[in-house]
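Notes follow once the structure below has been shown.
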Amino acid sequence: LIAFCAGMVKPSGLVKPVSVTRIAGRYLAHQEGLPKLPVPPLQQTCERYLAALTPIVDPEELNHTWQLLEEFQKPGGVGERLQKGLEQRAKKMENWLSDWWLQTAYLDYRMPVVVYSSPGVVLPRMEFSDRQGQMRYAAKLIAGVLDFKSMIDNETLPVEYLGGKSLCMNQYYQVLSSCRIPGTKRDNVVNYALDKRPPTHITVVHNFQFFVLDVYNSDGTPLTVDQIYIQLEKIWSSSLQTNKEPIGILTSNHRNSWGKAYNNLIKDKTNKESVRAIQKSIFTVCLDAPLPCASDDMYRTRAGVQMLHGGGSRWNSGNRWFDKTLQFIIGEDGTCGLIYEHAPAEGPPIVSLIDHVVQYMKSSEMVRTPMVPLRMPQKLRFNITPEIKKDIEEAKQNMNIMVHDLDMKVSVFSHFGKDFPKSQKMSPDVFIQVALQLAYYRFYKCCCPTYESASLRMFRLGRTDTIRSTSIDSAKFVKAMDDPAKHNTEKVALLDKAVKAHRAYTDMAIRGQAIDRHMLGLKLQAIEDLAALPEIFMDTSYAVALHFNLSTSQVPAKTDCVMCFGPVVPDGYGVCYNPMDAHINFSVSAFNSCQDTNAARLAQALEDALLDMKTLLEQTPKAKL
């Protein structure tokens, strides 16, 4: 469920915030200038819903849904009443959707955040010859994040644009000094950045042990890379043994179980203080133990799972606090990346931070600093009762089941990148999405509901809506592609129509005119009104439409990285990609417990589809189009 963001324009180069005077309320002034998220017209959504169902449900079911929609839309009927309720809500609130979305998509969701919700990012592999290399990299990375933080604090973060429109920057203010808090029925998110005295420490975890590391001097200046390095050395030296209980693994459990264990854990004063220190920290750095050697081809995939779950209780899964919004992972063997808790933000702000940090690390040299004695980083203590030990054992077992169930393939498609689709006057994102439709159809001989995230950040507090990549036009193209009776010119014409249909849906979605969030709003409005749930929401078609066998996202970055996330249904795939100029980074996930899915096979089918579409376009004379 990660945000897709096309053509993001960001001023390049590092903004050095030192000489910038803070303009009070600059961020707020920008936010207030953004339009509010519209409520789309009811009839438009009903028509578009029917069109979206056409390629994925059978004609009989479709006809039944059509009748229900006719009833729903009747003048003075239930649809009109709910629509009016939504419009009233939109008038009163900054964003009629954002609170509902945070609750339903994240905080009410009771599956573990690991695999099921939190995305990981794999950064380029580093060549550390020793642990000093790991420490130096970690120190530079921490300094780079603090440099980015200063732009947030000074409100000098360059505003981003999409199609010439400025975007909501709110998510940047949610990712640092924030944390998810488990509950037995629903979670919540706390953000300490707005406190009178905002946090000045990060947490570092090594060998399952957590440390508080102050990263600012008493005068408010950040520690230098050199000073951070010295502090990390102290942490390393005082946590050489891994005989401690991996308390962090509790955060990977089912949310209700963790909520219960959490209440039990914080009854103890020491535990409560330690947990609070982690929650309040600006971000977390996980210094991971090395993994067994792997070939370059296997490395990327293994790094992907390492970012998503840590490899299991015997490896690094206990070296995390999965509720923390931002955790950077730096392995002794050069495996680097991060994992983020999804409730506060989508992918693009995270990637923007990564791009800044990577750039900063290239330019930053270790500067010798005057040796001011620095306080020893504080080790966080936990009192482990037999009951907490039992909770840890349960979390370990559940984590290991998840690890065995995740089927992952991270690959680099090296034949072409953004360059080829652009040479054909096609959007790289659309080209990849249509190829994915073709790959899936070849594998399963049917079209499936497909989710691609669209950014709603043109609107105040906007999060995402769904681009439904499976269209009537994409279905016609994928069926024709391997049909020997069809000529290439016809196939190209159908491909062109499929591309245009996807482009049109994307434009519609980023302008707040897609169907998924509107229908969710109508449904939640009915629940809030305590009315009976309208039949369209109990209809088989609605369940089918929301069963996304393909959950996909483009997360473009300047850095040669790739994001990865788990599938959203038991028999589905999670597909994420970063198209670079001359290659494309892909991650594909599935579950081993489903006999019908296979991540490596879909990844291969996707490569074949991309190459076949390129060949088709190259072999077909343009003039005949």
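Residue numbers count from 1 along this sequence.
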Within a 6.0 Å radius of atom CD on Glu535, are there more than 12 heavy atoms belonging to other residues, nucleotides or ligands?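 No.
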Would you say that more than 12 heavy atoms from the other residues, nucleotides or ligands in this model lie under 6.0 Å from the NE2 of His415, or not?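 Correct, the count exceeds 12.
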Look at the aromatic rings of His342 and Tyr106 and report parallel, tilted or perpendicular, splitting at 30° and 60°.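 Taking Tyr106 first and then His342, their aromatic rings sit tilted (interplane angle of 30° to 60°).
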Which word best sums up how the rings of Tyr577 and Phe586 line up, parallel for under 30°, tilted for 30 to 60°, or perpendicular for over 60°?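 Correct class here is tilted.
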Can you name the closest pair of heavy atoms from [X] and [Y] and give their distance?
| X | Y | value |
| --- | --- | --- |
| Pro41 | Gln513 | CD-OE1, 3.6 Å |
| Leu353 | Phe328 | CD2-CZ, 3.7 Å |
| Ser313 | Ile249 | CB-CD1, 3.9 Å |
| Tyr340 | Met563 | CE2-CE, 3.7 Å |
| Cys336 | Tyr299 | N-OH, 4.1 Å |
| Met408 | Val410 | CE-CG2, 3.9 Å |

Please determine if [X] and [Y] form a salt bridge, counting it only when a charged side-chain N lies under 4.0 Å from a carboxylate O.
| X | Y | value |
| --- | --- | --- |
| Glu160 | Arg457 | yes |
| Asp612 | Arg442 | yes |
| Arg255 | Asp108 | no |
| Arg468 | Asp516 | yes |

Regarding [X] and [Y], is there a side-chain donor-to-acceptor distance under 3.5 Å anywhere?
| X | Y | value |
| --- | --- | --- |
| Glu393 | Gln397 | no |
| His502 | Asp429 | no |
| Thr552 | Gln433 | yes |
| Arg320 | Thr284 | no |

Could you walk me through whether Tyr440 and Asn549 pass the side-chain contact (heavy atoms from CB on, under 4.5 Å) test, one step at a time? CA-CA 10 Å; Tyr440 191 92; Asn549 297 90; 3.6 Å; yes
Between [atom1] on residue [X] and [atom2] on residue [Y], distance to nearest 0.5 Å:
| X | Y | atom1 | atom2 | answer |
| --- | --- | --- | --- | --- |
| Ser317 | Asn400 | OG | CG | 7.0 Å |
| Lys500 | Leu495 | NZ | CG | 9.5 Å |
| Asn253 | Asn398 | CG | CG | 5.0 Å |
| Glu452 | Gln554 | CD | CD | 7.0 Å |

I'd like to check Leu338 versus Ile329 (side-chain heavy atoms, cut-off strictly below 4.5 Å). Are they in contact?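 Heavy-atom side-chain distance check fails, nothing below 4.5 Å.
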[X] side chain vs [Y] backbone, donor-acceptor pair below 3.5 Å:
| X | Y | value |
| --- | --- | --- |
| Asn578 | Ala557 | yes |
| Ser589 | Phe565 | yes |
| Thr559 | Cys561 | no |

In this structure, which one of Thr54, Ile56, Leu436, Val478 forms a side chain to side chain contact (heavy atoms under 4.5 Å, CB included) with Thr470?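 Only one option passes, and that is Ile56.
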Identify which one of Asn585, Leu606, Leu611 satisfies the side chain to side chain contact (heavy atoms under 4.5 Å, CB included) criterion when paired with Phe413.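 Per the side chain to side chain contact (heavy atoms under 4.5 Å, CB included) rule, the option paired with Phe413 is Leu611, out of Asn585, Leu606, Leu611.
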Run Leu533 and Ile527 through side-chain contact (heavy atoms from CB on, under 4.5 Å) and show every step you take. CA-CA 7 Å; Leu533 205 56; Ile527 292 167; 4.0 Å; yes
Please step through side-chain contact (heavy atoms from CB on, under 4.5 Å) for the pair Tyr505 and Asp473, ending with a clear verdict. CA-CA 12 Å; Tyr505 204 119; Asp473 290 308; over 6 Å; no
Arg180 and its side-chain hydrogen bond (donor to acceptor under 3.5 Å, both in side chains) partner, picked from Thr325, Asp187, Asp323, Asn188: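 Between Arg180 and the candidates, side-chain hydrogen bond (donor to acceptor under 3.5 Å, both in side chains) is satisfied uniquely by Asp187.
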Mind running side-chain contact (heavy atoms from CB on, under 4.5 Å) on Asp99 and Leu461 for me, showing each step along the way? CA-CA 10 Å; Asp99 285 356; Leu461 302 183; over 6 Å; no
